Amino acid sequence: MNDNKCIELYNLLSKKYKDLNWWPVDPKYHEKNKTDSRFEIIIGAILTQNTAWSNVEKALENLKEKNKLGIKSIIQSETEELREMIRPSGFFNQKADRLKTISIHIAEEYNQDLDNFFNKDLRELRTELLSLNGIGPETADSILLYAGEKPVFVVDAYTKRLCQRLPINVKIEYNAIQKHFEEELSKKYSGQELIQTYNQFHASIVILAKDFCRKKPVCKGCPLFEKCSYHYKLF
DNA sequence: GTCCAGGGCCGTT
DNA sequence: AACGGCCATGGA
């Protein structure tokens, strides 16, 4: 009963936030141009590191405008030009290097073929992503879940904050939280449904954190108000 | 003007 | 293992 807090959390959140359909790309575009769309998600995952999505959108627009949003284009682009195109997303010097690093990796090891890339064994692929400079756990897992459609629960700063405030009885550390959520959720869901659950869950946590569970929390009206003990501590 | 955003790396303790 | 400094832009 008590170990089921994440299922309860998921049910509450998905009732409030329905069919979010993340990652934010046009679903029709995703279906029609799967390869391009997947690559765009990979690039977006890197560009959004500690950065507001609205800024990432500007960077992606710049890349699309100049027809540079592709593996080959990024590898061949001049570093200085790449930096300018992604400037709005912030940290643009390191991010330009990171975009090149992963593009070169996919080109050299997988002949630029994302199907080939994502067909690799999940654990091996995750380790491989983490070995690349600039790809940490959240970026790797976002790529695996949203671009690769793999059953991976993404943990971010919002998820940690939420676990801390509710609280959910886990050590506030990336791997511990991920393990806990994956164990609980995979008891109930499997296959495509599990993937969809991870997708929807992470997306709804992000929205919740923007609407209510901000750094400076807005507890009034929060869908988790009854379940959360944090607001009792407020003033 | 201040704060903060869907992190990650590197050096220090 | 945990923590601090650093990287940078744009919107609230």
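Every value quoted in this text rests on a predicted model; they were computed, and no experiment measured them.
- A donor-acceptor pair shorter than 3.5 Å can be found between the side chains of A:N93 and A:R83.
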_Nucleotide-resolved protein contact map, nucleotides 6-12 of chain C, B/S/- at heavy-atom distance under 4.0 Å_ = -BBBSS-

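- At whole-Å resolution of the value, CD in A:E173 and P in C:dA1 are 9 Å apart.
- Within residues 124-136 of chain A, no residue approaches DNA chain C, by heavy-atom distance under 4.0 Å.
- Atom pair A:K160:NZ and C:dC3:C1' shows a separation of 13 Å (rounding to whole Å applied).
- Between A:K216 atom NZ and B:dA5 atom P the separation is 14 Å, expressed in whole Å.
- Remark: the backbone N or O of A:F153 is paired with a side-chain donor or acceptor of A:E182 at under 3.5 angstrom.
- Taking atom P on both nucleotides, C:dA8 is separated from B:dC10 by 15 Å, rounded to a whole Å.
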*Output, in order, the C-alpha distance, side-chain angles, deciding distance and verdict of side chain to side chain contact (heavy atoms under 4.5 Å, CB included) for A:Y10 and A:F181.*
CA-CA 10 Å; A:Y10 175 66; A:F181 277 72; over 6 Å; no

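- Partners of A:E128 according to the salt bridge (charged side-chain N to carboxylate O under 4.0 Å, His left out) rule, which considers only residues two or more places apart in sequence or in another chain, are A:K120.
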_Verdict with supporting geometry, A:D115 and A:R38, salt bridge (charged side-chain N to carboxylate O under 4.0 Å, His left out)_ = CA-CA 10 Å; A:D115 289 325; A:R38 281 176 142 180; 3.0 Å; yes

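- The shortest heavy-atom contact between A:I71 and A:F39 is CG1-CE1, 3.3 Å.
- Using a 4.0 Å cut-off on heavy atoms, the residues of residues 196-215 of chain A that approach DNA chain B are A:V206, A:K210, A:K215, listed by number.
- Rounding to whole angstrom units, CG of residue A:L47 and P of B:dG8 are separated by 13 Å.
- Of the possible polar contacts, none joining the A:N4 side chain to the A:I7 backbone as a donor-acceptor pair under 3.5 Å is found.
- Using a 4.0 Å heavy-atom distance criterion, A:R83 is classed as making no nucleic acid contact.
- A:E61 has no carboxylate O lying under 4.0 Å from a charged side-chain N of A:K58, or vice versa, which leaves the two without a salt bridge.
- The ring-ring contact (aromatic ring centres under 6.0 Å, His included) check on A:F117 picks up A:Y110, with sequence neighbours excluded.
- Note on A:T48: every side-chain N or O is 4.0 Å or more away from OP1 and OP2 of B:dG7.
- A:K64 meets the side chain to side chain donor-acceptor pair (under 3.5 Å) test with A:E40; sequence neighbours excluded.
- Taking atom CG of A:L99 as the reference point, atom C1' of B:dG7 lies 14 Å away to the nearest angstrom.
- Atoms NZ (A:K171) and C1' (C:dA2) sit 10 Å apart, rounded to a whole Å.
- When all heavy atoms of A:K171 and A:A176 are compared, the closest pair comes out as O-CB, 3.7 Å.
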